[in-house]
Amino acid sequence: MWNSVDFDRVDINGQPPEQEPWRQYYFIKKARGYVADLAERLGHEPTACTVTFGCQMNARDSEKLAGVLEEVGFWLTEDESADFVIYNTCTVRDNANQRVYGRLGFVNSMKKKNRLKRVALCGCMMQEPSVIEKIRKSYRFVDLIFGTHNIYMFPELFCRMFESNGMVVDIWKDSDRIVEELPVERKYSFKSGINIMFGCNNFCTYCIVPYVRGREKSRRPEEILGEIRRLAADGVVEIMLLGQNVNSYGRGLDNPMSFAQLLQEVEKVEGIERIRFMTSHPKDLSDELIQVMKESKKICRHLHLPLQSGSSRILKAMNRHYTKEQFVALAEKIKREIPDISLTTDIMVGFPGETAQDVDDTIDVIRTVGFDNAFTFIYSPRTGTPAAAMEQVPHQQVQEGFDRVLGCVQETAKKQVARLAGQTLTALAEEQNDQDPSLITGRLSNNTIVHFPGDPSLIGKLVDVRLEECHGFYYTGRMV
Ligand code: SAH
Ligand code: SF4
Ligand code: F3S
């Protein structure tokens, strides 16, 4: 495993090895030389900053980048004035792209002041050829660009950046390999995300993820469990299993295994107290999974189940493979089997062809199911997806529908969350409150946030908290 590798002893006199991950270990050692030179020229320890724009999987990738950066000799900061800045991009909606372009303008002005500063771009947005074209033309100061499939080669690409004069660009269309055992630097000491699968095969007609993340591939269970055991030994108590559609985990493995079976194995890992996962596609959520969740002592009482739309007609056009009635029946079954569960969801408004009646259907599902929270999005056309070529809904109509959906979500979520008042529940103490340092922010098993008086020594511990007052989406309370 990588943290038992003594990089100082890696031999870089000969050619780099062909095999992974040893090839990247070779480049980590080589990169240390480049960073040491940089330190001499700067006159201080070089700093590096990773900026994440996307989902939990994007955030986990950033931890892998940070792991390499620390290993090659950078001091990690959250300040973009660092000597090396890497933007890990997202392209799920257009506003994610616009944020990246905005930041590039800002970082360019800093680069003019620090000539030794280097800037890299990676992540989903870089898998779009039109983006690469635009950066080559208008953002020529960028030093390194790579994509989602070759992120494991970051040490090698980093060296190439130091060896070249111009912009280094390396993007792959797809890949069927998963490279294990590369460095990771976790953001939190007590909780961690873990990839269980990569890519997506669902091709919902609005979504760009299958195009930029490639085909679905599952990690082998032994690799996942090995990683979880090591995390537990390192003090992690909560893990989140990550995939675009965790319910289809294991299908392509040599020895196929279901997601529910994987969860049962994870449950056995000593030291892990809480298990979460993201995201579940309603079409693949099995009765087996509901039973495993019901019987588990560690799987959190929270399920994120993206609805997208409550209209069966729109769901069909979205290629979601379920109807309004099937979704409602599934949600009711889950709530019947696991009464203390919290359901959250994603909802999109403005998909091509959506009418005010379709929005009524969505609102009807929100009221019937009673979500604890919902992320609401305005549909954003993505180049190359089938929905982008369909006739779009006028902006004014989309905005009206969106406001109605948002109002309904807020109203039902408030009612749902308020049901916990007066209960004493276990919270994982996660951080000191930003606004009031006498408070600790904790998270309940069902993902609700509670602020309570306490000191930072509690962080990472599970404590019992009485929920005293509900403030819409969160509680204030007291340790008991
Ligand atoms: N794999 C997950 C979702 C990944 S993207 C799933 O199937 O649920 C996260 C959310 O972004 C989606 O649930 C969807 O609501 C939203 N989203 C995806 N593409 C979008 C688009 N083109 N416009 C607006 N929202 C979008
Ligand atoms: Fe996108 Fe659908 Fe795949 Fe989720 S399941 S990532 S929404 S294509
Ligand atoms: Fe965005 Fe890529 Fe995640 S497009 S939502 S960062 S998989």
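Everything numeric in this text was worked out from a predicted model, so none of it was measured. Counting convention: from 1, in listed order, for ligands and their atoms alike.
- Salt-bridge formation is not detected for the pair Arg220/Asp254: no Lys NZ or Arg NE/NH1/NH2 atom is positioned less than 4.0 Å from an Asp or Glu carboxylate oxygen.
- In terms of protein heavy-atom proximity, atom 19 (N) of ligand 1 is nearest to Tyr206 CD1, 3.3 Å.
- In terms of protein heavy atoms, atom 1 (Fe) of ligand 3 is closest to Cys90 SG, 2.4 Å.
- Under the 30°/60° scheme for interplanar angles, the aromatic rings of Phe371 and Phe327 are found to be tilted.
- A salt bridge between Arg251 and Glu216 is absent, with no side-chain N of the basic residue lying under 4.0 Å from a carboxylate O of the acidic one.
- With respect to the salt-bridge test (charged N to carboxylate O, under 4.0 angstrom), the residues Glu133 and Arg136 do not qualify.
- For ligand 2, the atoms closer than 4.0 angstrom to any heavy atom of Val209 are 6 (S).
- Heavy-atom distances between Arg213 and ligand 1 stay at or above 4.0 Å for every pair.
- Residue contacts with ligand 1: Val92 is included, with a non-hydrogen atom under 4.0 Å away.
- Atoms of ligand 3 lying under 4.0 Å from any heavy atom of Asn58, numbered from 1 in the order shown and given with element: 6 (S).
- Counting heavy atoms under 4.0 Å from ligand 1, residue Ile378 touches it through the backbone alone.
- Taking a cutoff of 4.0 Å between a charged side-chain nitrogen and a carboxylate oxygen, Arg443 and Glu430 qualify as a salt bridge.
- The residue among His281, Gln244, Lys283, Arg93 with a heavy atom at the shortest distance from atom 2 (C) of ligand 1 is Gln244.
- The option with the heavy atom closest to atom 15 (O) of ligand 1, from among Met318, Gln308, Met348, is Gln308.
- Less than 4.0 angstrom separates some heavy atom of Asp346 from each of these atoms of ligand 1: 9 (C), 10 (C), 12 (C), 13 (O), 15 (O).
- Between Arg276 and the choices His304, Gln56, Glu238, the side chain to side chain donor-acceptor pair (under 3.5 Å) rule is met once, by Glu238.
- Contact annotation: for Arg320 versus ligand 1, heavy atoms closer than 4.0 Å belong to the side chain alone.
- The existence of a salt bridge linking Asp234 and Arg186 is confirmed by a sub-4.0 Å separation between a basic side-chain nitrogen and an acidic carboxylate oxygen.
- Ring pair Phe154/Phe146: centre-to-centre distance below 6.0 Å.
- The protein heavy-atom contact nearest to atom 23 (N) of ligand 1 is Ser380 N, 2.9 Å.
- Of the heavy atoms in Arg213, only side-chain atoms (C-beta onward) come closer than 4.0 Å to ligand 3.
- Among the candidates Val85, Asp143, Leu104, Val142, the single residue satisfying the side chain to side chain contact (heavy atoms under 4.5 Å, CB included) test with Lys111 is Asp143.
- Here Arg404 pairs with Asp360 in a salt bridge; the nearest charged N to carboxylate O distance falls below 4.0 Å.
- Here the heavy atom of the protein found nearest to atom 6 (S) of ligand 2 is Gln244 OE1, 3.5 Å.
- In terms of modelled atom types and a separation under 3.5 Å, the side chain of Ser445 and the main chain of Arg301 share a donor-acceptor contact.
- An N or O contact shorter than 3.5 Å is missing between Arg382 and ligand 1 by distance.
- Listed by number with element, the atoms of ligand 3 under 4.0 Å from a non-hydrogen atom of Gln244 are 7 (S).
- At least one heavy atom of Arg320 sits closer than 4.0 Å to an atom of ligand 2.
- Near Gly54, with a cut-off below 4.0 Å to any heavy atom, the atoms of ligand 3 are 6 (S).
- With a 4.0 Å cut-off on non-hydrogen atoms, Cys124 touches ligand 3 through its side chain and not its backbone.
- The nearest protein atom to atom 3 (Fe) of ligand 3, hydrogens excluded, is given as Cys55 SG, 2.3 Å; this is a heavy-atom distance.
- When heavy-atom distances to ligand 2 are checked against a 4.0 Å cut-off, Tyr206 comes that close only through its side chain, counted from C-beta outward.
- Nearest protein heavy-atom neighbour of atom 5 (S) of ligand 2: Asn202 ND2, 3.5 Å.
- In this structure, the protein non-hydrogen atom closest to atom 3 (Fe) of ligand 2 is Cys200 SG, 2.3 Å.
- Electrostatic pairing of Glu63 and Arg60 counts as a salt bridge here, judged by a charged N lying under 4.0 Å from a carboxylate O.
- Residue Cys207: an N/O/S atom is found under 2.8 Å from atom 1 (Fe) of ligand 2.
- By the 30° and 60° cut-offs, the orientation of the rings of Tyr101 relative to Tyr139 is parallel.
- Those atoms of ligand 1 that come under 4.0 Å of a heavy atom in Phe377, given as number and element, are 10 (C), 11 (O), 15 (O), 16 (C), 25 (N).
- The His281 neighbourhood of ligand 2 comprises atoms 5 (S), with distances under 4.0 Å to a heavy atom of that residue.
- Near Pro210, the atoms of ligand 2 lying under 4.0 angstrom from a non-hydrogen atom of the residue are 8 (S).
- Remark: minimum distance from atom 2 (Fe) of ligand 2 to any protein heavy atom is reached at Cys204 SG, 2.3 Å.
- Residue Thr279 touches ligand 1 through its side chain alone, judged by heavy-atom distances below 4.0 Å.
- Remark: distances from the non-hydrogen atoms of Ile347 to ligand 1 are all 4.0 Å or more.
- Each of Thr89, Asn88, Asn58 was compared with Cys122 under the side chain to side chain contact (heavy atoms under 4.5 Å, CB included) criterion, and only Asn88 meets it.
- Arg213 has a carboxylate O that lies under 4.0 Å from a charged side-chain N of Asp61, or vice versa, which qualifies the two as a salt bridge.
- The ligand atoms of ligand 2 that sit less than 4.0 angstrom from a heavy atom of Phe203 are 8 (S).
- Under the 6.0 Å cut-off for aromatic ring centres, Phe402 and Phe377 do not qualify, their centroids lying 6.0 Å or more apart.
- The side chain of Pro306, and not its backbone, has at least one atom closer than 4.0 Å to an atom of ligand 1 (non-hydrogen atoms only; side chain from C-beta on).
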Item to check | Intermediate values then yes/no, side chain to side chain donor-acceptor pair (under 3.5 Å), Gln399 and Asp403 | outcome: CA-CA 6 Å; Gln399 193 62 51; Asp403 293 344; 3.2 Å; yes
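- Judged by distance alone, with hydrogens and angles left aside, the side-chain atoms of Arg118 form no donor-acceptor pair with the main-chain N or O of Phe158 at under 3.5 Å.
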